[in-house]
Amino acid sequence: SGLVEFNDVSFSYDGKRPAIEDLSFTALPGQTIALVGPTGAGKSTAIALLHRAFDPQSGIINIDGMDIRALKLTGLRRNIGVVFQEALLFNRSIAENLRVGKPDATDEELRTAAARAQALDFIERSDKKFETHAGERGRMMLSGGERQRLSIARALLKDPPILILDEATSALDAVTEAKVNAALDEVMKGRTTFVIAHRLSTIRHATRILMFDQGRVIESGTFDELVAKG
Ligand code: ADP
Ligand code: ADP
């Protein structure tokens, strides 16, 4: 259902300096948790721990009450969708990239997910049969906004209860930005979402904001609560 708990989680890349220190928080099913704070504050590391790119040296991370180290990696990853511009696979077609989370998806399902992610236009333009290769050449062929939407379409197809996303910082033209924003709103709906937030509207509407600094959460609350605190 998407309940996520971090309990006193600490992690260091080099065994000396902590990247995350005693991190505790709860995300209830369907909440949007915005991670904010300066570069190097530990936001990406916290998210990497959630999908087990690394395991913490101490502390426990639970999903739906289960220690994630007790879950099979495939089971864990089935529960979590990751939306990063960079998360696309090289030397794979657009269709293969879409199908990563759901290998048996039909063309109809691909089309529906692509439409919901505002991605139908460029997918159809670049390849009517979903066969174009998104390798080095494909990467050049897709803009940052298109890669973001492709990544969102993939998450929609997979339909996981938990979503991790890194909002694009790249400058987008107004039309592309509107499409990306609409796609983001669509994919976040109804999922427990952890978002490394750059859009003010995301931060404003988040159920809870976690303000990171030097590996710790120094403030948390809603936008209004944090504004009131100054
Ligand atoms: P505590 O250990 O006291 O829960 P927190 O800083 O986690 O400390 O929570 C502070 C307040 O925010 C508490 O009132 C708690 O109920 C509330 N809270 C914590 N997590 C969430 C959440 N995910 N959604 C809504 N409210 C929350
Ligand atoms: P943020 O996402 O908030 O910018 P990070 O989680 O990337 O922060 O970084 C937290 C700390 O961990 C920083 O001091 C950063 O330099 C360090 N760090 C991040 N990734 C690595 C890595 N792969 N190897 C070593 N140190 C890292």
Side-chain angles (χ1 to χ4, degrees), residues 2 4-27 31-63 67-69 73 76-77 79-90 139 144-145 147-148 151-152 154-155 160 162-172 180-181 184 187-188 191-223 225-227 229-230:
V4 177
E5 295 162 294
F6 275 58
N7 296 308
D8 294 323
V9 172
S10 297
F11 176 78
S12 169
Y13 287 96
D14 60 8
K16 293 178 215 143
R17 227 169 47 83
I20 286 291
E21 209 170 1
D22 292 330
L23 181 61
S24 297
F25 63 83
T26 300
Q31 289 189 330
T32 299
I33 309 293
L35 286 69
V36 304
T39 302
K43 307 181 295 292
S44 312
T45 303
I47 272 177
L49 294 172
L50 179 57
H51 67 94
R52 290 196 71 197
F54 317 105
D55 282 326
Q57 276 93 3
S58 63
I60 292 174
I61 302 170
N62 287 332
I63 292 182
D67 186 331
I68 60 172
R69 284 170 301 188
L73 219 47
L76 174 69
R77 303 261 159 94
N79 277 299
I80 301 178
V82 177
V83 175
F84 290 157
Q85 265 186 32
E86 311 76 39
L88 301 178
L89 301 175
F90 294 129
R139 187 182 161 81
R147 292 204 300 276
Q148 185 91 349
S151 185
I152 291 168
R154 177 163 73 188
I162 299 168
L163 191 71
I164 285 172
L165 73 91
D166 195 350
E167 287 185 334
T169 45
S170 48
L172 302 173
V180 169
N181 289 349
L184 285 171
V187 75
M188 289 162 72
R191 300 174 214 281
T192 309
T193 303
F194 295 90
V195 50
I196 297 179
H198 300 292
R199 288 192 297 161
L200 181 60
S201 71
T202 303
I203 296 170
R204 235 179 232 288
H205 295 126
T207 322
R208 204 165 164 74
I209 300 160
L210 303 180
M211 277 181 63
F212 280 74
D213 192 33
Q214 298 186 27
R216 291 177 173 275
V217 171
I218 54 165
E219 289 285 3
S220 67
T222 63
F223 183 80
E225 284 165 0
L226 294 188
V227 167
K229 279 183 196 169

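Remember, it's 1-based here, ligands and their atoms both numbered in the order they're listed. In what follows, residues are counted from 1 in the order of the sequence shown. Only a predicted model underlies this, so the values are computations on that prediction, with no experimental measurement involved.
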*Cationic N near anionic O, under 4.0 Å, Asp14 to Lys16*: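 So Asp14 does not pair with Lys16 through a salt bridge.
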
*Salt-bridge contact Asp213-Arg216 (side-chain N to carboxylate O under 4.0 Å)*: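 Judged by the 4.0 Å cut-off on N to carboxylate O distance, Asp213 and Arg216 do not form a salt bridge.
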
Atom [atom1] in [X], atom [atom2] in [Y]: separation rounded to 0.5 Å?
X      : Y      : atom1 : atom2 : result
Asp166 : Phe194 : CG    : CZ    : 14.5 Å
Ile164 : Phe84  : CD1   : CZ    : 6.5 Å
Leu226 : Ile203 : CG    : CD1   : 10.0 Å

*At a 4.0 Å cut-off, with the gap strictly under it, does some heavy atom of Gly42 reach an atom of ligand 2?*
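So Gly42 counts as touching ligand 2.
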
*Does Pro38 come within less than 4.0 angstrom of ligand 2, counting non-hydrogen atoms of the residue?*
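The answer is yes, since Pro38 has a heavy atom less than 4.0 Å from ligand 2.
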
In terms of residue, atom name and distance, what is the protein heavy atom nearest to [atom]?
atom                    : answer
atom 3 (O) of ligand 2  : Lys43 NZ, 2.8 Å
atom 2 (O) of ligand 2  : Ser44 OG, 2.5 Å
atom 4 (O) of ligand 2  : Gly40 N, 2.7 Å
atom 24 (N) of ligand 2 : Tyr13 CD2, 3.5 Å

*asked:* Can you confirm whether Gln214 is buried at CD, in the sense that more than 12 heavy atoms of other residues, nucleotides or ligands lie under 6.0 Å from that atom?
replied: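 Open.
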
Against heavy atoms of [X], which atoms of ligand 2 measure under 4.0 Å?
X     : value
Ala19 : 11 (C), 12 (O)
Ala41 : 1 (P), 3 (O), 8 (O)
Thr45 : 5 (P), 6 (O), 9 (O), 10 (C)

*asked:* Less than 4.0 Å from atom 15 (C) of ligand 2, is there any heavy atom belonging to the protein?
replied: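 For atom 15 (C) of ligand 2 the answer is no, since every protein heavy atom stays at 4.0 Å or beyond.
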
_Does the plane of the ring in Phe54 sit parallel, tilted or perpendicular to the ring in Tyr13? Use 30° and 60° as the thresholds._
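Correct class here is perpendicular.
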
